[in-house]
2 protein chains.
Amino acid sequence: MESKYDSLTLKNQLCFPIYLCSKEIIHKYTPLLEKLDLTYTQYIVMMYFWEKHSSNVKELSQALLLDSGTLTPLLKKLEKKGYITRVRSTKDERNLEVTITEKGINLKEKALAIPDSMAKCIDLSDKEIEMLYSLIYKVLLNVLKEEK
Amino acid sequence: MESKYDSLTLKNQLCFPIYLCSKEIIHKYTPLLEKLDLTYTQYIVMMYFWEKHSSNVKELSQALLLDSGTLTPLLKKLEKKGYITRVRSTKDERNLEVTITEKGINLKEKALAIPDSMAKCIDLSDKEIEMLYSLIYKVLLNVLKEEK
DNA sequence: TCCTTTTCGTTTGTATACAATTTAATTTTA
DNA sequence: TAAAATTAAATTGTATACAAACGAAAAGGA
């Protein structure tokens, strides 16, 4: 039965399942990350530092699409755990130099098992993963177009 | 250059872009929903009530995969806006009967333009949407498997 | 150089999210 | 039927998220 309200039904939403998917995957990550004393967002930030040992809030914010208001308290928590250091730049006092510590680097070893464990849970073929990745990325770029 | 840490790089993450996609789509919704005095989650809840005029917290929680701790304050806000009513069931006082109001029903008219507006922003072909929907749904079901 | 503007990060306020606990009501069981 | 177990929703505590306002520092311009 057709109705002009069809586009307002839950089953016709595309964003809602994406939102649920994100939420439930993160939920699956949680027990794995607890062993590293990390939340999902903290894990993403640490992943950034495993690739690039030093950064600042602005760079992180642009790379991870996270607000500085989200990053400031999060980085303080990571500092408290001893995974990073936060120091004002001497060259430009506005900048905060964030650097991974030895302890933070070593954490990568403990994280090695996580991606496999998650892949098993998501349970898609390589082809499906590739397809999903490219579609999601396309949407992301479209949504980000003409802003930011 | 291959490394045993490849699976821990940001560009090899599948969940991260899904998470960003969800976040950024919701961000796109925000100005549209402001005209209805709704947040995204509140919009989802209202969408549920546009299809089924009455429910309770448990049913909502199962249908929308939202915790009662999330729903309780959210429903109180929707009640305050006059879109729903919250009344304890007389048959079983543990249950909270949540019902959409006339004002809540009328809100659907104002929401009619939103899906088109969002579709334009997401900008995928019908085929791509179908593909993305089915892949996301598959992941969601896999992740939910053997829990909940 | 002094003033305006911009930039960077922090803070404040609002809204999710969920785990864990609590409270009240109902159901089950001994 | 009285006690134990279960259920439903609310509460508490922690962690995002982001908008908007703020403060300090640096850059740019007159």
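Naming convention: chains lettered A, B, ... in sequence-line order (proteins, then strands); numbering from 1 in each chain.
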Between D:dT11, C:dT10, D:dT16, spot the one nearest the side chain of A:Thr70, thanks. D:dT16
Proximal nucleotide (of D:dA15, C:dT10, D:dA9) relative to the A:Lys77 side chain: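 Given the options D:dA15, C:dT10, D:dA9, the side chain of A:Lys77 is closest to D:dA15.
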Sole candidate of B:Tyr29, B:Tyr48, B:Phe49 that passes ring-ring contact (aromatic ring centres under 6.0 Å, His included) when paired with B:Tyr43: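 Of B:Tyr29, B:Tyr48, B:Phe49, ring-ring contact (aromatic ring centres under 6.0 Å, His included) with B:Tyr43 is met by B:Tyr29 alone.
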Between N or O atoms, less than 3.5 Å apart, protein on one side and nucleotides 22-26 of chain C on the other: list the pairs.
unit_1	atom_1	unit_2	atom_2	d
C:dT26	OP1	B:Glu93	N	3.2
C:dT26	O4'	B:Arg94	NE	3.4

Does [N] have OP1 or OP2 sitting under 4.0 Å from an N or O in the side chain of [X]?
X	N	value
B:Tyr19	D:dA17	yes
A:Ser68	C:dG9	no
A:Arg86	C:dC8	no
A:Thr39	D:dT16	yes

Does [X] reach the main-chain N or O of [Y] with its side chain, forming a donor-acceptor pair under 3.5 Å?
X	Y	answer
B:Thr101	B:Gly82	yes
A:Thr9	A:Tyr5	no
A:Lys52	A:Ser54	yes
A:Trp50	A:Gly104	yes
B:Gln13	B:Ile18	no
B:Asp6	B:Glu2	no

Starting from [atom2] on [N], measure out to [atom1] on [X] and report it in whole angstrom.
X	N	atom1	atom2	result
A:Asn56	C:dT7	CG	C1'	12 Å
B:Tyr29	D:dC18	OH	P	17 Å
B:Asp67	D:dA9	CG	C1'	11 Å
B:Lys80	C:dA15	NZ	C1'	13 Å
B:Leu74	C:dT14	CG	P	16 Å
B:Leu60	C:dA17	CG	P	14 Å
A:Leu33	C:dC18	CG	P	16 Å
A:Leu71	C:dC8	CG	C1'	12 Å

Could you tell me whether A:Thr41 contacts a base, only the sugar-phosphate backbone, or nothing, with contacts defined as non-hydrogen atoms closer than 4.0 Å? sugar-phosphate
By nearest-nucleotide position on DNA chain C, the 5'-leaning member of B:Leu66 and A:Asn95 is A:Asn95
